[in-house]
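Take a look at the structure set out below.
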Amino acid sequence: MPNLSNIKKYASHPVLLGTALLTATGLASRVIGFFYRIFLSHTIGAQGVGIYQLIFPVFALGVAFCGAGIQTAISKYTAQAVGAGHSPQACLYAGLILSVSLSLFCMFAIYTGADLVAVTILDEPRCGELLRIISLSLPLAAVHSCINGYYYGLQKTFVPSVSQLLEQVCRVLCVYLIYRICESQGRTVTAAMAVWGIVCGEFAGVLFSLTVVPLKKCRERLFPCLRRIFAFSVPLTANRVLINFINSTEAILIPICLKSYGYSNEDALSIFGILTGMAMPMILFPSVLTNSVSVMLLPSISQAKAQKNQALIHRTIRRTIESCLVLGFASTLFFLLTYSLIGQYLFANTLAGIYIRTLSFICPFMFLSTTLNSILHGLGHPTATLVLNLGGCLLRIAVIWIFVPVYGIRAYLYGMLASQIATSLCAVYLLNRSKDL
């Protein structure tokens, strides 16, 4: 019979409970987002989805610059303050000052330069309006990120989890409401509808977070905390911006090189929208399981390393590889059997099904790469994972630049497969060579 005291102990453990809560809400958000993608594919079409997806590289860079490293810094110093018996409010306020200031600067830069960015970088003038709209969400995203970091530092995940789910629900409801209004008035539905949904979702998440966060009077001096958070966040932000910049370059180059292949602007955007807005979200759907495993692997491996428990590390790595391969090949088989039905009945797009069939082969390697990167982090090799990720991105960019203008989108699909195989095999090689094993 199970020991009730042990069950209660594990159920109340902040890391396990927090991970379970984040996983549950993440899965719910992923399911909602999946059906939301189907809705968008039917309402704004493949070309509209392509235009919508094209603005996210710019938005991701803005978010990374404004809050990526600052959120981690707030989490770190909040946990330290609580451990030392001090009030953590100064960490939150200092982070908010830095992040919101940067976000206002980014919002102004994107809003005023939207048309220039749309024409010269994205090569799509219709993205100008969308960039102006999405820039309004940057200060909201900054506040949301800081409050989430504060609660992660307290090892309390209820507020970040609920705010994430609330943000997704409000985004979908607002887009559906705008769609119904446009439909009743006989107005054309465009990608701007989906971008306004992002702004409304961020606003709902921030409103909830500000309602529950205890905004007490700060007893600590803000300047020393500002200095610590700034110093800690700079290298983290630089790394995140670098990765996002390379990922953004990859996304922006796809439609440009498709036009070099011979597609019209409309066809290139449609193919880009089908790939990034329909096929890839479908392929990534099972990764919610491996992402949850990765969250739990890092502290587990770190603890085993601290205890010098080599047997546990070996056993964890072996079971991780076996589980990821089983899940990956099962996902590949599922997509190979259902790609036609998914494309035809879910997205009403035959091409989406064809892309899903080709991309299905990356599942085992993608899942394996994600979890092995987490193990490398746990063993204290973050630089190795950064190099692996950058190498994979650079390989895909080379494929886009050299082969897509000659062979079309199929070259990029094969390049993605080659990239995932290379990064996962390199991760296995690094683990075998690691002195910690």
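- Side-chain atoms of Ile256 and Leu122, non-hydrogen and from C-beta on, never get closer than 4.5 Å to each other.
- Between Arg126 and Leu54 the shortest side-chain heavy-atom distance does not fall below 4.5 Å.
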Using the side chain to side chain contact (heavy atoms under 4.5 Å, CB included) rule, take Val206 and Ile147 through it: C-alpha gap first, then chi angles, then the decisive distance, then the call.
CA-CA 9 Å; Val206 168; Ile147 294 176; 5.8 Å; no

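- Going from atom CD1 of Ile97 over to atom CZ of Phe230 covers 14.0 Å, rounded to the nearest 0.5 Å.
- The nearest pair of heavy atoms linking Ile354 to Tyr339 is N-CD1, 4.4 Å.
- The OG atom of Ser424 sits 5.5 Å away from the CG atom of Leu368 when rounded to the nearest 0.5 Å.
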Decide side chain to side chain contact (heavy atoms under 4.5 Å, CB included) for Ser99 and Val143; before the verdict, give the C-alpha distance in whole Å, the side-chain angles of both, and the deciding distance to 0.1 Å.
CA-CA 7 Å; Ser99 188; Val143 174; over 6 Å; no

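- For the atom pair CG (Leu359) and CG (Leu417), the distance works out to 9.0 Å, reported to the nearest 0.5 Å.
- For Arg228, there are no salt bridge (Lys or Arg N to Asp or Glu O under 4.0 Å) partners at least two apart in sequence or on another chain.
- Tested against Cys426, the residues Ile421, Leu388, Leu431 include a single side chain to side chain contact (heavy atoms under 4.5 Å, CB included) partner, Leu388.
- When side chains are defined from C-beta on, Cys91 does not count as touching Tyr150, because their heavy atoms never get closer than 4.5 Å.
- Not counting sequence neighbours, Gln420 has no partner by the side-chain hydrogen bond (donor to acceptor under 3.5 Å, both in side chains) test.
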Could you give me the CA-CA distance, side-chain angles and deciding distance for Tyr36 and Val175, then say whether side chain to side chain contact (heavy atoms under 4.5 Å, CB included) is met?
CA-CA 9 Å; Tyr36 175 62; Val175 169; 3.3 Å; yes

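- For the pair Thr332 (side chain) and Gly328 (backbone), a donor-acceptor distance under 3.5 Å is present.
- Residues Trp196 and Leu136 have side chains in contact (heavy-atom distance under 4.5 Å, counting atoms from C-beta outward).
- The shortest distance between side-chain heavy atoms of Met280 and Met416 falls below 4.5 Å.
- Shortest non-hydrogen contact noted between Leu165 and Ser29 is CD1-OG, 3.7 Å.
- Using cut-offs of 30° and 60° for the angle between ring planes, the Tyr52 and Phe56 rings count as perpendicular.
- Taking Gln53 as the reference, Arg37 meet the side-chain hydrogen bond (donor to acceptor under 3.5 Å, both in side chains) condition, with sequence neighbours excluded.
- Leu207 pairs by the side-chain contact (heavy atoms from CB on, under 4.5 Å) definition with Phe203, not counting sequence neighbours.
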Is there a side-chain hydrogen bond (donor to acceptor under 3.5 Å, both in side chains) between Asn349 and Gln344? Walk through the geometry before answering.
CA-CA 5 Å; Asn349 193 297; Gln344 185 175 354; over 6 Å; no

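- In this structure, a donor-acceptor pair under 3.5 Å is present between the side chains of Tyr412 and Glu250.
- Looking only at side-chain heavy atoms (C-beta outward), Phe403 and Cys257 stay at 4.5 Å or farther from each other.
- In this structure, Phe365 has its ring center no closer than 6.0 Å to that of Phe361.
- Scanning all heavy atoms of the two residues, the minimum distance from Cys146 to Leu96 falls at CB-CD2, 3.6 Å.
- The heavy-atom pair separating Leu258 from Gly408 by the smallest distance is CD2-C, 4.3 Å.
- Closest non-hydrogen pair, Cys182 versus Val189, comes out as CB-CG2, 4.0 Å.
- Checking side-chain atoms of Ser145 against main-chain N and O of Ala142 turns up no donor-acceptor pair under 3.5 Å.
- To the nearest 0.5 Å, the span separating CZ on Arg227 from CG on Leu98 amounts to 13.0 Å.
- Between the side chain of Ser419 and the main chain of Gly415, no donor-acceptor pair closer than 3.5 Å is present.
- Atom OG1 in Thr350 sits 11.5 Å away from atom OH in Tyr355 (nearest 0.5 Å).
- Residues that satisfy the side-chain hydrogen bond (donor to acceptor under 3.5 Å, both in side chains) test with Tyr179, not counting sequence neighbours, are Glu183.
- When all heavy atoms are compared, the tightest approach of Leu372 to Ile321 is CD2-CG1, 4.1 Å.
- Distance check, rounded to the nearest 0.5 Å: CG of Leu140 to OG of Ser209 gives 11.0 Å.
- A 4.5 Å side-chain heavy-atom check between Val49 and Phe272 finds every atom pair outside the cut-off.
- Contact annotation: the side chain of Tyr111 never approaches that of Leu131 to less than 4.5 Å [non-hydrogen atoms, C-beta and beyond].
- Remark: the backbone N or O of Gly205 is not paired with any side-chain donor or acceptor of Ser163 at under 3.5 angstrom.
- Without hydrogens or angle criteria, Thr423 side chain to Gly392 main chain gives no donor-acceptor distance under 3.5 Å.
- Residues that satisfy the salt bridge (Lys or Arg N to Asp or Glu O under 4.0 Å) test with Glu167, not counting sequence neighbours, are Arg171.
- One finds a salt bridge joining Asp123 and Lys259 here, because a Lys/Arg side-chain nitrogen approaches an Asp/Glu carboxylate oxygen to under 4.0 Å.
- Checked by atom type, the side-chain pair Gln47/Asp267 shows no donor-acceptor distance below 3.5 Å.
- In summary, of the residues considered (Leu177, Ile133, Ile178), a side chain to side chain contact (heavy atoms under 4.5 Å, CB included) with Met193 occurs for Ile178 alone.
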For the pair Val58 and Ile55, evaluate side chain to side chain contact (heavy atoms under 4.5 Å, CB included) and give the outcome as yes or no after the intermediate values.
CA-CA 6 Å; Val58 179; Ile55 67 171; 5.7 Å; no

